[in-house]
Amino acid sequence: MFLAVMGVMAFSAQNAAAQDEAAETTATEVAAPAADDVLDGPEEVPMHQALKTKFIEGGAGFMALVIACLILGLALAIERILYLGFSKTNTKKLLANVEKALAEGGVEAAKDVCRNTRGPVASIFYQGLLRMDQGIETVEKTIVSYGSVQMSQMEQGLSWISLFIAIAPSLGFLGTVIGMIQAFDAIQVAGDMSPNVVAGGMKVALITTVGGLIVAVILQIFYNYILSQIDSLTIEMEDASISMVDVLVKYQANK
């Protein structure tokens, strides 16, 4: 009897252990996909899709105006950057070539050198050489005057870029005001101050403001870069003009 009781107890213990193992295995299998689901999380939205969504949520009308300011401002900025890039000249080499041409072929040879060289510095030199027969004082005045003309040409279009820098955040703030008005209209219609009623108008307000500020920051960076390039070219032109006058004085003295 004792052995029979011990056998029944051993069988019961083995059966219980097997059932516990099966339960743990099932729980693990059930929990594993859940853990995988937690690790995977929601699918990431592509950047262009997120921007498109925010554009629509901010109001197509105002956001289109803000994007138009960005496109036009960037077009003008890129055009100025290319223009200034092509305007750069190796002034030391140009001065050496002009001085050599004056010594070997006279004023006409120096004019040919300036005509075949691009950039505002070569244009200033050419205008000065055109008036060599009127004296050094006239040449110096011509160089100064034409230098101002070249500076005006380099700054052409900057006023429009500064206009877009000012307009973009203004449009954003205008969208903010309109969004607030929409929020208050929704509150008035619903007769309730619940977050769901106010959220739509506030979202439009914040998105348009952020869009306008981002556009203004981008254009401001390009604007300051263009100004720095113009300042660099202006200093280079002034230095080259002084050297050119010295070369012409030396040529007149040796003539």
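Linking ILVMFWY residues whenever their side-chain heavy atoms come closer than 4.5 Å, directly or via other members, leaves Ile136 and Tyr126 in distinct clusters. Under the 4.5 Å side-chain contact rule for hydrophobic residues, Leu213 and Ile167 do not share a cluster. Taking hydrophobic clusters as Ile, Leu, Val, Met, Phe, Trp and Tyr residues chained together by side-chain heavy-atom distances below 4.5 Å, Val249 shares a cluster with Met244. Phe173 and Leu65 fall into different hydrophobic clusters, defined by Ile, Leu, Val, Met, Phe, Trp and Tyr side-chain heavy atoms under 4.5 Å apart, directly or through other members. Criterion: ILVMFWY side-chain heavy atoms under 4.5 Å apart, direct or through other members. Under it, Tyr83 and Ile81 are part of a common hydrophobic cluster.
In this structure, the side chains of Asp239 and Thr91 stay at 4.5 Å or more apart for every pair of heavy atoms. Proximity of Val66 to Leu70: side-chain heavy atoms (C-beta onward) are nowhere separated by under 4.5 Å. The side-chain heavy atoms of Gln153 and Pro120, taken from C-beta on, include no pair separated by under 4.5 Å. Two residues are said to be in side-chain contact when any heavy atoms from C-beta on lie closer than 4.5 Å; Lys250 and Glu99 meet this criterion. At a threshold of 4.5 Å between non-hydrogen side-chain atoms, the residues Leu248 and Leu129 count as touching. Under the 4.5 Å side-chain criterion, counting only non-hydrogen atoms from C-beta, Trp160 is in contact with Leu163. Two residues are said to be in side-chain contact when any heavy atoms from C-beta on lie closer than 4.5 Å; Val113 and Phe125 fail this criterion. Here the side chains of Lys111 and Leu130 are in contact, with some heavy-atom distance below 4.5 Å.
Summarising the geometry, atom OG belonging to Ser148 is positioned 8.5 Å from atom CD1 belonging to Ile124; distances are rounded to the nearest 0.5 Å. Put simply, CG on Leu227 and OG1 on Thr234 are 10.0 Å apart, with the number rounded to the nearest 0.5 Å. To the nearest 0.5 Å, atoms CE (Met237) and CD1 (Ile143) are separated by 12.0 Å. The line from CG of Leu72 to CD1 of Ile161 is 11.0 Å long, rounded to the nearest 0.5 Å.
With hydrogens and angles ignored, the 3.5 Å screen pairs no side-chain donor or acceptor of Arg118 with any backbone N or O of Ser87. Under the 3.5 Å distance criterion, the side-chain polar atoms of Arg80 are left unmatched by any main-chain donor or acceptor of Leu158. Without hydrogens or angle criteria, Ser228 side chain to Tyr225 main chain gives a donor-acceptor distance under 3.5 Å.
Within 6.0 Å of atom CZ in Phe222, 12 or fewer heavy atoms from other residues, nucleotides or ligands are found, so the atom counts as exposed in its surroundings. Around atom NZ of Lys88, no more than 12 heavy atoms belonging to other residues, nucleotides or ligands sit under 6.0 Å away.
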Might you work through the side-chain contact (heavy atoms from CB on, under 4.5 Å) test for Val139 and Gln134, ending with a clear yes or no? CA-CA 7 Å; Val139 170; Gln134 300 178 19; over 6 Å; no

side-chain contact (heavy atoms from CB on, under 4.5 Å), that's the test. Do Ile230 and Met151 meet it? Break it down for me. CA-CA 8 Å; Ile230 291 174; Met151 285 183 60; 5.6 Å; no

Take Leu74 and Ile218, measure what side-chain contact (heavy atoms from CB on, under 4.5 Å) needs, and give me the verdict at the end. CA-CA 9 Å; Leu74 285 178; Ile218 294 172; 4.1 Å; yes

